[in-house]
2 protein chains.
Amino acid sequence: MSHTLGIRQAQKQKTRQALLDAALGLLEHQSLSSLGLREVTRAVGVAPAAFYRHFKDTADLGVALVEEALGSLHETIRAAIVTTGGSDERIDRAVDLIAAHVRAHPAHVRFIARERHGGVAPVRAAIGVQLRRFADEVAEALGADPESGGWSAADLRMLAGVYVDHMVMTASAILEAGAGADGDEEAAARRAEEAVLATARRQLRLVTLGRRHWLD
Amino acid sequence: MSHTLGIRQAQKQKTRQALLDAALGLLEHQSLSSLGLREVTRAVGVAPAAFYRHFKDTADLGVALVEEALGSLHETIRAAIVTTGGSDERIDRAVDLIAAHVRAHPAHVRFIARERHGGVAPVRAAIGVQLRRFADEVAEALGADPESGGWSAADLRMLAGVYVDHMVMTASAILEAGAGADGDEEAAARRAEEAVLATARRQLRLVTLGRRHWLD
DNA sequence: CCACTCAGTAAACAGCTGTTCGCTGATTTT
DNA sequence: AAAATCAGCGAACAGCTGTTTACTGAGTGG
């Protein structure tokens, strides 16, 4: 789509991506707040000073990770939104999409869940902005649904917030379920994950029922 | 209620509490994962080595903080549970209780929200256990409610989970609302907090509606 | 072809970290 | 009154941290 960037810029972006990937890996067992610059460069195999060619901070790197992580989530959300059919089918599909997303990008999901309320203010803010954007998008889609006739914009926004929050919580819960029995008991992990999905479906059904009787 | 402990043990517990308080203060702007042992002792005005007389780790200190923070929350939850009256009154009271709790223990709420998905495994586990305990308690109370006739134990547990999760999320949102416009604009902070509370009430009303029509 | 740009290097800086050691002196126990 | 306990101290340890510096050498554009 664009100017094939020179081999120099290509190499630079490759290193940048390597830094992001290494950081994401290191963040599996710690918070961004304690991620060291040297730690990241060491994992990539690059001099500490090279870090400054790409980011000014580990917080800066964190913000870049937010873009990456929520960029992929955005596609999943759009896919869930455009789903048609009865409410049960839509719920099943939404939960399946979330589960698939967690399976495809576990580190991204962990990062968002961990840093959403984390100790690094710019990262928290970036996540907040994006999630609010998602909620606006969902609210707009809900407004287009004939089932939402008579709903105020504020109520639609409130409902959308419930859906987005529930999605993030569910994604994190799926992750925990997989990590809890990891190692020798893969079957137990599968069962725990299925239990999380079943609960998530029931919770969505509860919300959908409330939605249906909102205007009484 | 107990043996008046000697002046030695009293002094020890005083130092221990000072360490906990100092840590809680330092955790306003960072995650437990990056909290240093020396940092805490320096804030208290005590030698680094003294730390080991009370905790073996900062993770260990974190677990102690979980007990403290969720101990106070537990009382608030019990107060919310025993509330009687129509559903709207119960919702208003529950939201008011949460708001009061956040005002009384902001650092505790921040700690729990931050470390619930944080980078320190033992602390995450401790929070998970306690929140699950709270949910069980809520589920039991819901089961005693005549409005829950015909509900399965699993469904009651699912509903309780929604309530507990929503409470934690709301508490954290109240905190953010207060911090967002802090400093020169106290009026704006009040308005932002009231908006959060209004949304929380509507969300609870939505869930209550779903609950009422669950058995259709 | 040649001047220039600039991603990544190696070294050095002061300052921080967790942990261990033997010690002190007030409190407790015998 | 003598003996034992033990919370807190101060010093030392190796190893880590972020940041700056002058540098190299491959890639670029006129």
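A quick note: this is a predicted structure, and the numbers were derived from the prediction, not measured. In what follows, every heavy atom counts, from backbone to side chain, and hydrogens, waters and symmetry copies are set aside.
- Rounded to an integer number of Å, the gap from CZ of B:Phe55 to C1' of C:dG18 is 17 Å.
- For the pair A:Leu19 CG and D:dG18 P, the interatomic distance rounds to 13 Å; values are reported in whole Å.
- Nucleotide D:dT28 holds its P atom 9 Å from the CD atom of A:Gln9, rounded to whole Å.
- Among the nucleotides C:dA7, C:dT9, C:dT5, the one closest to any side-chain atom of A:Arg8 is C:dT5.
- Salt bridge A:Asp155/B:Arg205: absent, no basic N to carboxylate O contact under 4.0 Å.
- The interatomic distance linking B:Leu35 (CG) with C:dG18 (P) rounds to 8 Å, in whole Å.
- Atom CZ of B:Phe51 is separated from atom P of C:dG18 by 9 Å (rounded to the nearest Å).
- In this structure, B:Arg42 reaches the sugar-phosphate backbone alone: every heavy-atom distance under 4.0 Å involves primed, P, OP1 or OP2 atoms, never a base.
- Using a 3.5 Å distance cut-off with no hydrogens or angles, the side chains of A:Ser34 and B:Ser33 do pair a donor with an acceptor.
- A:Arg110 has no carboxylate O lying under 4.0 Å from a charged side-chain N of A:Glu176, or vice versa, which leaves the two without a salt bridge.
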Using the 3.5 Å cut-off, write out each protein N or O paired with an N or O of nucleotides 19-21 of chain D and the distance between them.
| from | atom 1 | to | atom 2 | distance (Å) |
| --- | --- | --- | --- | --- |
| D:dT19 | OP2 | A:Tyr52 | OH | 2.7 |
| D:dT19 | O5' | A:Tyr52 | OH | 3.1 |
| D:dT19 | O4 | A:Arg38 | NH1 | 3.3 |

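- Side-chain N or O atoms of B:Glu39 include one that pairs as donor or acceptor with a backbone N or O of B:Gly36 at under 3.5 Å.
- Note: CD (A:Gln11) to P (C:dG8) measures 7 Å, nearest angstrom.
- Comment: B:Asp145 engages B:Arg211 in a salt bridge, judged by a side-chain N to carboxylate O separation of less than 4.0 angstrom.
- With salt bridges taken as basic N to acidic carboxylate O contacts below 4.0 Å, one links A:Arg190 and A:Glu186.
- Side-chain nitrogen and oxygen atoms of B:Thr15 include at least one within less than 4.0 Å of the OP1 or OP2 phosphate oxygen of D:dG8.
- Taking only distance into account, the side chain of A:Arg53 never meets the base of C:dC6 through a donor-acceptor pair shorter than 3.5 Å.
- Nucleotide C:dC6 holds its C1' atom 14 Å from the CD1 atom of A:Ile7, rounded to whole Å.
- The separation between A:Lys12 atom NZ and C:dT9 atom C1' is 16 Å, rounded to whole Å.
- Of the candidates A:Thr15, A:Leu20, A:Leu19, A:Gln17 forms a side-chain contact (heavy atoms from CB on, under 4.5 Å) with just one, namely A:Leu20.
- With distances taken from any side-chain atom of A:Val46 to the nucleotides C:dG25, C:dG8, D:dT28, the minimum falls on C:dG8.
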